[in-house]
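Inspection log for the structure reproduced underneath, given as C-alpha cells.
Counting begins at 1 with the first residue of the sequence.
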Amino acid sequence: MTLNIGVLGYRFMGKAHSNALARLPMFFPDAPDIERHTLVGRDEEALADAAERFGFSHTATDWEDAIDEVDVFYNLGPNHVHAEPSIAALEAGVPVLCEKPLAPTLDEAAAMRDAAADADVPAGTAFNYRFVPAIRYAKGLIEDGELGEIRQVRGRYLQDWLVDPEAPWAWRLDGDMAGSGALGDLGAHTLDLADFLVGDEVGGVDRVSGHLQTFVNERPVYDEDGAVEEYRDVTVDDAYTAQVAYDSGAIGSFEATRFAEGHKNDHTIEIHGSKGSLKFSLERLNELEVLREGDRGYQTVLVTDETDPYVDHWWPPGHVIGWEHTFVHENYDFLSAVAEGGAFEPSFEQGYAVQKLLDAVVRADERGEWVSVE
C-alpha cells in the first residue's frame, strides 16, 4: 500500500518535512511507500512553485479538499490553523502529524487531544528534537540508572533573529495567531524534551513560576521595495523564564529568548542526578557530554556509532548528521505507526501536556506567583 501524503504549509516546516519525505526511500528502505500527493496553501502561484520543487503531484487551496484525497495529513501551518484542519482530518479517520505547539490556546489544544482520543488513527505532535540520536542515547542512560536519582533539570533555547528593532513583523509576533512568543515557539521544545528525558523519573509537574517580557512593542511591515508600510503591535513575549517543581522533589529551570545576540539556534539541556550528569547542545547535536559516578569531569561521547539510535541508516561511524535528519527520523517513526496501526509519540496527549505547562507559565507571570499546572 502506498500512503498518499497531504501537507498544509510550504514554507519553513513544509520544506523540512518534504525533504524528510524525499529522503525516506533512500535511507529507510523499510519505511512505508509514500507519494507526496497534495500540497496545500493560499497563494496559487507560490504553491505551484513549491509543489514542483518539493515533488508533490497535486495542489489545493482548501485543506478540506486535501483531506478527502489523502491517507495522511501533515498540518504545518501557523499555530492558529492547527486545530480546525487537524480535528477535521481525525474525524475523517485520517492520521495527523501537527507541528508544535499544538495550538495557540489550551482550549484548542484540549479539543485536538479529545479528537485524537476518539480517532482510531495516530495523531502526533512534531517535537523533532526527540529524534536526535544523542537525545535517544541520553534517555537510555537515564533509564539505565546511570545518573541515579534525578534532582535538577536545566533547559534553555536562545536565538537572536529579533535583536534588531527594525526586524520585520511576522505572524509569530501576533498573540492571536501564535498564542505566545519565545515561550511557545522555543520553550515548548525544551519542556517536551525535559519530559521525554526524565518524566518517568521525576513524575509530573506540581507547580511553576513564570516571567514573560516583551522588549520591542511594535515592528515594521515592509513593501516589496523595502520601504516601511506600517508598524504593527507585537503581542507576544520576546523572552521567558520559568521554574518548575516536580512531584518527586526535583526542580527545573527553563528559559528562551529571541534576543540573545550571537545565538542562532542554541538549544541546550542539562540533567543532574545523584550519580552523574549529562549535557546536550543542539549546536553540537552529534555529541553528548556525560559525567558518570567517579569521573573527574565530563566525557564527550560522539553519538555516531552504528549501534546508536537511527545511525545505522546513515554513514560510517564518526560521520555526523545534521538538523534536517531529525525530521527524517520523526517521519519514519510516524509513518511506520500509520502503516502498522501502532501508536506514535509524541502524541496529541503529550502535546496537550506541554500546552498545559505553557498556559501555567503565562498564568504565573500574570499573577506574579507560583501556580498549579492543573
Locate the shortest heavy-atom distance separating T125 from G351; write the atom from each residue and the value. OG1-CA, 3.6 Å
Value for CG (D68) from CH2 (W63), rounded to nearest 0.5 Å, stands at 10.0 Å
Flag for Q350-D195: side-chain donor and acceptor within less than 3.5 Å: no
In terms of hydrophobic clustering (I, L, V, M, F, W, Y; side-chain heavy atoms under 4.5 Å; direct or indirect links), are Y352 and F196 co-clustered? no
Is the ring centre of F27 less than 6.0 Å from the ring centre of W315? yes
Sequence-distant partners of F327, ring pair (Phe, Tyr, Trp, His ring centres under 6.0 Å), two or more places apart: H17, W323
In terms of ring plane angle, is the pair Y129 and H189 parallel, tilted or perpendicular, where the classes change at 30° and 60°? tilted
Do L278 and Y298 share a hydrophobic cluster, counting only Ile, Leu, Val, Met, Phe, Trp and Tyr and linking them when any side-chain heavy atoms are less than 4.5 Å apart? no
Take a 6.0 Å sphere around CD of E229 and say whether it holds more than 12 heavy atoms from other residues, nucleotides or ligands. yes
How about L97 and F344: do any of their side-chain heavy atoms sit closer than 4.5 Å? yes
Under a 4.5 Å side-chain heavy-atom rule over Ile, Leu, Val, Met, Phe, Trp and Tyr, are V236 and W161 clustered together? yes
What pair of heavy atoms forms the shortest contact from V96 to A89, and how long is it? CG2-CB, 3.6 Å
Within a strict 4.5 Å, meaning less than it, do heavy atoms of the P101 and L358 side chains meet? yes
Test side-chain contact (heavy atoms from CB on, under 4.5 Å) on L3 and D33; report intermediate values, then the result. CA-CA 6 Å; L3 297 173; D33 292 331; over 6 Å; no
Take atom CG in D120; do more than 12 heavy atoms of anything else shown fall under 6.0 Å from it? no
Pairs flagged by salt bridge (charged side-chain N to carboxylate O under 4.0 Å, His left out) wherever residues 104-116 is involved - sequence neighbours left out: none
Within residues 82-97 or reaching into it, pairs that qualify as side-chain hydrogen bond (donor to acceptor under 3.5 Å, both in side chains) - sequence neighbours excluded: N75-S86
Check: T61/E44 side-chain N/O donor and acceptor closer than 3.5 Å: no
Will you find, in the side chains of T190 and H267, an N or O donor that is under 3.5 Å from an N or O acceptor? yes
Rounded to the nearest 0.5 Å, what separates atom CZ in F127 from atom NZ in K100? 7.0 Å
Plane angle bin for Y332 and F28 - parallel if under 30°, tilted between 30 and 60°, otherwise perpendicular: tilted
How long is the span from the CG atom in L193 to the NZ atom in K139, to the nearest 0.5 Å? 10.0 Å
Is atom CD of E166 surrounded by more than 12 heavy atoms (other residues, nucleotides or ligands) closer than 6.0 Å? yes
Give the intermediate values and the outcome of side-chain contact (heavy atoms from CB on, under 4.5 Å) for residues L291 and Q299. CA-CA 6 Å; L291 175 72; Q299 297 181 354; over 6 Å; no
Nearest heavy-atom neighbours spanning L186 and R258: CD1-CG, 3.8 Å
Atom CD of E52 with >12 non-hydrogen neighbours under 6.0 angstrom: no
Mind checking the CZ-CG spacing from F215 to D237? Nearest 0.5 Å is all I need. 9.5 Å
Polar contact flag, side-chain donor to acceptor under 3.5 angstrom, T326-N128: yes
Is there side-chain contact between F56 and T38, with heavy atoms separated by less than 4.5 Å? no
Hphob cluster co-occupancy, F334 + I34, side-chain heavy atoms under 4.5 angstrom: yes
Quick one: pull up CG in D206 and CD1 in I251 and give me the separation to the nearest 0.5 Å. 13.5 Å
Going by salt bridge (charged side-chain N to carboxylate O under 4.0 Å, His left out), name the pairs with one or both residues in residues 261-279, residues two or more places apart or in two chains. R154-E270, R156-D266, D160-K264
Qualifying residues under salt bridge (Lys or Arg N to Asp or Glu O under 4.0 Å), relative to R172, sequence neighbours excluded: D185
The ring pair (Phe, Tyr, Trp, His ring centres under 6.0 Å) partners of Y310 (sequence neighbours excluded) come to H329
Set of side chain to side chain donor-acceptor pair (under 3.5 Å) partners for E287, sequence neighbours left out: R284
Worked check of side-chain contact (heavy atoms from CB on, under 4.5 Å) between M112 and C98: CA-CA 10 Å; M112 295 173 71; C98 183; 3.9 Å; yes
If you define the side chain from C-beta out and look only at heavy atoms, does anything of I271 sit under 4.5 Å from I150? yes
Minimal heavy-atom distance between E255 and T241, with the atoms involved, is CB-CG2, 4.0 Å
Side chains of R232 and R219, heavy atoms from C-beta outward: is any pair under 4.5 Å? no
Any side-chain heavy atom of F131 within less than 4.5 Å of one from R136? yes
K356, NZ atom: more than 12 neighbouring heavy atoms under 6.0 Å: yes
Are the side chain of D223 and the backbone N or O of A227 linked by a donor-acceptor pair below 3.5 Å? yes
Following the transitive rule for hydrophobic clusters with a side-chain heavy-atom cut-off under 4.5 Å over Ile, Leu, Val, Met, Phe, Trp and Tyr, establish whether V311 and F280 coincide in one cluster. no
Can you list the residues that meet the salt bridge (Lys or Arg N to Asp or Glu O under 4.0 Å) rule with D176, with sequence neighbours excluded? none
Taking only residues two or more places apart in sequence or in another chain, which ones pass salt bridge (Lys or Arg N to Asp or Glu O under 4.0 Å) with R363? D359
Given the side-chain rings of H319 and W314, with only the six-membered ring counted for Trp, is the space between their centroids under 6.0 Å? no
Which heavy atom of A167 sits nearest to which heavy atom of P220, and what is that distance? O-CD, 3.4 Å
pair V244-S253: side-chain heavy atoms closer than 4.5 Å: no
Under the side-chain contact (heavy atoms from CB on, under 4.5 Å) criterion, do T268 and L282 qualify, and how do the steps go? CA-CA 6 Å; T268 64; L282 184 63; over 6 Å; no
Correct closest heavy-atom pair for P104 and H80 would be CG-CA, 3.6 Å
Taking side chain to side chain donor-acceptor pair (under 3.5 Å) as the definition, give me every residue that meets it alongside W171, ordered by chain and number, with sequence neighbours left out. none
Close side-chain approach of L173 to L162, heavy-atom, < 4.5 Å: yes
The side chain to side chain donor-acceptor pair (under 3.5 Å) partners of S18 (sequence neighbours excluded) come to none
Flag, side chain of T304 to backbone of G318, donor-acceptor distance under 3.5 Å: yes
Show me the donor-acceptor pairs, under 3.5 Å and distance only, between side chains in residues 4-12 and residues at least two apart or in other chains.
none

Drop me the distance from R130's CZ to E330's CD, to the nearest 0.5 angstrom. 10.0 Å
